[in-house]
Amino acid sequence: MQAKILNFIQTELNEDENLEEVDSDSELLLDGIVDSMGIMRLVEFLEEQTNLRIPAEHITIENFRTINHIDAYVLARKEAGE
């Protein structure tokens, strides 16, 4: 899933020419790689890819800080059978 998320960020949210430097540990929000509109597009992408519904209260810095955090969040939700 990490590769799909990274590809989405690089191809769909690429407003900055430096996004090729983004990796699984890049601080997406704190470094301004993804803005608030980008997060909403990313959430929509994740919902389509995983068949999960991501509630607004789950869209937090803790869950969306890095690609690793997003992947862990999605995995935890799937393991919980949500």
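- With values rounded to the nearest 0.5 angstrom, Ile9 atom CD1 is found 11.0 Å from Arg41 atom CZ.
- The nearest pair of heavy atoms linking Leu6 to Val22 is CD1-O, 3.5 Å.
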Pair Ile5-Val74, side-chain contact (heavy atoms from CB on, under 4.5 Å): steps then yes or no: CA-CA 11 Å; Ile5 297 168; Val74 168; 5.6 Å; no
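- Looking only at distances, a side-chain donor or acceptor of Thr66 sits under 3.5 Å from a matching main-chain atom of Asn68.
- Summarising the geometry, atom NZ belonging to Lys78 is positioned 5.5 Å from atom OG1 belonging to Thr50; distances are rounded to the nearest 0.5 Å.
- For the atom pair Met1 CE and Gln49 CD, the distance stands at 5.5 Å (nearest 0.5 Å).
- Of the inter-residue distances, the one linking Phe8 atom CZ with Leu13 atom CG reads 4.5 Å to the nearest 0.5 angstrom.
- Between the side chain of Arg77 and the backbone N or O of Arg53, at least one donor-acceptor pair lies under 3.5 Å.
- Judged by distance alone, the side chain of Asp35 and the main-chain N or O of Met37 form a donor-acceptor pair under 3.5 Å.
- The aromatic rings of His58 and Tyr73 sit perpendicular to each other, their planes meeting at more than 60°, with 30° as the lower class boundary.
- Side-chain N or O atoms of Glu47 include one that pairs as donor or acceptor with a backbone N or O of Ile54 at under 3.5 Å.
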Criterion side-chain contact (heavy atoms from CB on, under 4.5 Å) on Leu30 and Arg65, from CA distance to verdict: CA-CA 8 Å; Leu30 297 177; Arg65 177 178 224 118; 3.1 Å; yes
Glu27 and Ile33: CA distance, side-chain angles, deciding distance, side-chain contact (heavy atoms from CB on, under 4.5 Å) verdict: CA-CA 7 Å; Glu27 294 280 343; Ile33 296 168; 5.9 Å; no
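- Between Phe64 atom CZ and Leu29 atom CG the span is 9.0 Å, to the nearest 0.5 Å.
- For the atom pair CG of Asn63 and CG of Leu46, the computed distance is 11.0 Å after rounding to the nearest 0.5 Å.
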